[in-house]
2 protein chains.
Amino acid sequence: VIRTENLCKSFRMGRLTLEVLKNVTFQVKKGEYVALMGPSGSGKSTLMNILGCLDSPTSGHYYLNGRDVSTLREKELARIRNQEIGFVFQTFNLLPRYNALENVALPLVYAGVSQRIRLQRAADTLERVGLADRMKHRPNELSGGQRQRVAIARALINQPALLLADEPTGNLDSVTSEEILHLFGELHKAGNTIVIVTHEEDVAARALRVIRLRDGSIESDGPARV
Amino acid sequence: VIRTENLCKSFRMGRLTLEVLKNVTFQVKKGEYVALMGPSGSGKSTLMNILGCLDSPTSGHYYLNGRDVSTLREKELARIRNQEIGFVFQTFNLLPRYNALENVALPLVYAGVSQRIRLQRAADTLERVGLADRMKHRPNELSGGQRQRVAIARALINQPALLLADEPTGNLDSVTSEEILHLFGELHKAGNTIVIVTHEEDVAARALRVIRLRDGSIESDGPARV
Ligand SMILES: Nc1ncnc2c1ncn2[C@@H]1O[C@H](COP(=O)(O)OP(=O)(O)OP(=O)(O)O)[C@@H](O)[C@H]1O
Ligand SMILES: Nc1ncnc2c1ncn2[C@@H]1O[C@H](COP(=O)(O)OP(=O)(O)OP(=O)(O)O)[C@@H](O)[C@H]1O
Ligand SMILES: [Mg+2]
Ligand SMILES: [Mg+2]
């Protein structure tokens with residue numbers, strides 16, 4: 001479902017060019033569960049943004065379901081981002097003036113779902129991440145781990161074919177993490193594909209394969225150690 | 001150095017009152033290293049904000065170095081926040097239009113240190129958290145773990161008598177976490193006091209005592225398991 005070919009990404013800072021991804025080449029088949037690991041600053045979020053069609057590479061190719069993403073128009077990219085991909089951001093990216101329910105329901109607005117059904121599905125999903133009693137809270141009325149779970153619920157609400165989760169348990173205690181990883185496991189059992197960035201070996205152990213980045217290149221790519 | 005007495009904190013949401021901290025009473029002596037743990041939403045950040053003089057309780061007392069914080073004027077609170085306390089926020093709270101160096105130097109502006117010395121000390125501190133080559137980057141040009149380290153550097157730059165760190169390693173890989181915890185260990189050896197919120201047992205193991213919150217109350221308070 002994912003195929004990258006010599007993906008490079010660099011940022012210009014004044015006269016300097018910072019190479020952040022260097023010839024990243026790998027594939028993820030439909031239904032795989034992959035952990036992406038590596039030191040802070042190694043390029044994981046940058047790679048995830050490209051996989052999520054939120055950013056484009058400086059050079060190289062990204063094929064999503066066989067299609068070269070650089071050839072797709074913005075309208076099609078928006079449809080893909082909304083209906084095929086669920087993205088949990090490392091910094092959550094919730095809308096501050098909307099409450100948890102409204103934030104989680106947002107992907108369904110684009111999909112043209114009626115308001116009554118949107119709010120019902122958002123409520124169900126929030127319940128599944130343990131936030132049944134926090135639905136009317138806005139982000140600044142939520143704890144760090146609660147905001148993270150709202151971001152997770154928003155990514156899951158469409159039952160996406162591809163879930164991209166950037167450090168989704170970083171602010172969660174172990175019991176709550178288990179609940180979230182269980183939900184991811186269910187999504188995976190339903191045949192969907194998961195790529196999860198994590199710093200924790202025991203979270204990575206839930207995946208079947210670990211890709212490790214170092215300084216923007218793939219250092220290793222193999223089965224998760226059990 | 002810290003003494004709380006029946007600390008209560010509640011939030012009003014429309015006609016509901018949400019009790020978030022309930023009769024929290026404990027002491028921390030000078031030079032202690034305490035881990036504060038508990039499930040997501042249990043009140044840790046809310047308690048930390050009160051300890052850091054950033055918020056006041058709904059009822060109860062907080063004595064910092066023997067002085068009832070509720071009796072202090074804003075000018076004195078600002079001086080304490082700036083010169084006696086270092087605070088690492090769960091959400092970093094960096095200034096987006098300033099680069100890493102400027103963000104880290106900020107506490108020294110208030111302390112009246114000259115610009116040349118401020119920037120020198122900020123550079124040294126950034127080097128100690130492994131960000132020597134990221135000093136001119138602004139927050140949106142940094143990875144999640146790099147932003148976290150800038151927030152840590154800003155809290156450490158004054159060598160504060162009291163360090164309050166809210167999940168400071170949540171976005172860091174294990175090698176980088178070790179480096180940060182080593183720095184905290186050095187601050188502690190120099191006689192300073194540390195309270196660190198963490199979800200990770202091995203981070204808590206570096207502290208000498210663990211206070212666990214559940215639903216806003218202290219569930220347990222005892223030595224860290226080694
Ligand atoms: N807009 C930008 N301009 C310049 N450099 C950038 C920019 N965005 C990211 N970087 C740099 O790119 C590198 C990779 O960033 P990225 O966010 O992908 O790291 P990461 O692996 O997700 O790290 P972490 O584990 O800390 O979240 C970092 O060194 C960062 O400083
Ligand atoms: N401004 C607010 N209005 C209403 N409720 C709030 C507000 N701020 C926090 N809360 C609630 O207070 C509770 C405690 O929040 P707090 O941020 O202290 O939790 P925490 O222990 O730090 O959690 P986490 O581990 O997820 O960071 C949460 O249930 C949260 O929903
Ligand atoms: Mg990242
Ligand atoms: Mg918190």
For chain A and chain B, what donor-acceptor pairs lie under 3.5 Å, backbone included?
residue  : atom : partner  : partner atom : Å
A/Ser40  : N    : B/Asp173 : OD1          : 2.8
A/Ser40  : OG   : B/Arg149 : NH2          : 2.8
A/Gln90  : NE2  : B/Asn171 : OD1          : 3.1
A/Arg149 : NH2  : B/Ser40  : OG           : 2.8
A/Asn171 : O    : B/His199 : NE2          : 3.0
A/Asn171 : OD1  : B/Gln90  : NE2          : 3.1
A/Asp173 : N    : B/His199 : ND1          : 3.4
A/Asp173 : OD1  : B/Ser40  : N            : 2.7
A/His199 : ND1  : B/Asp173 : N            : 3.4
A/His199 : NE2  : B/Asn171 : O            : 3.0

Go through the structure and list residues passing ring pair (Phe, Tyr, Trp, His ring centres under 6.0 Å) with B/Phe87, not counting sequence neighbours. B/Phe89
Non-hydrogen atoms of chain A under 4.5 Å away: do they reach the side chain of B/Leu142, the backbone, both or neither? neither
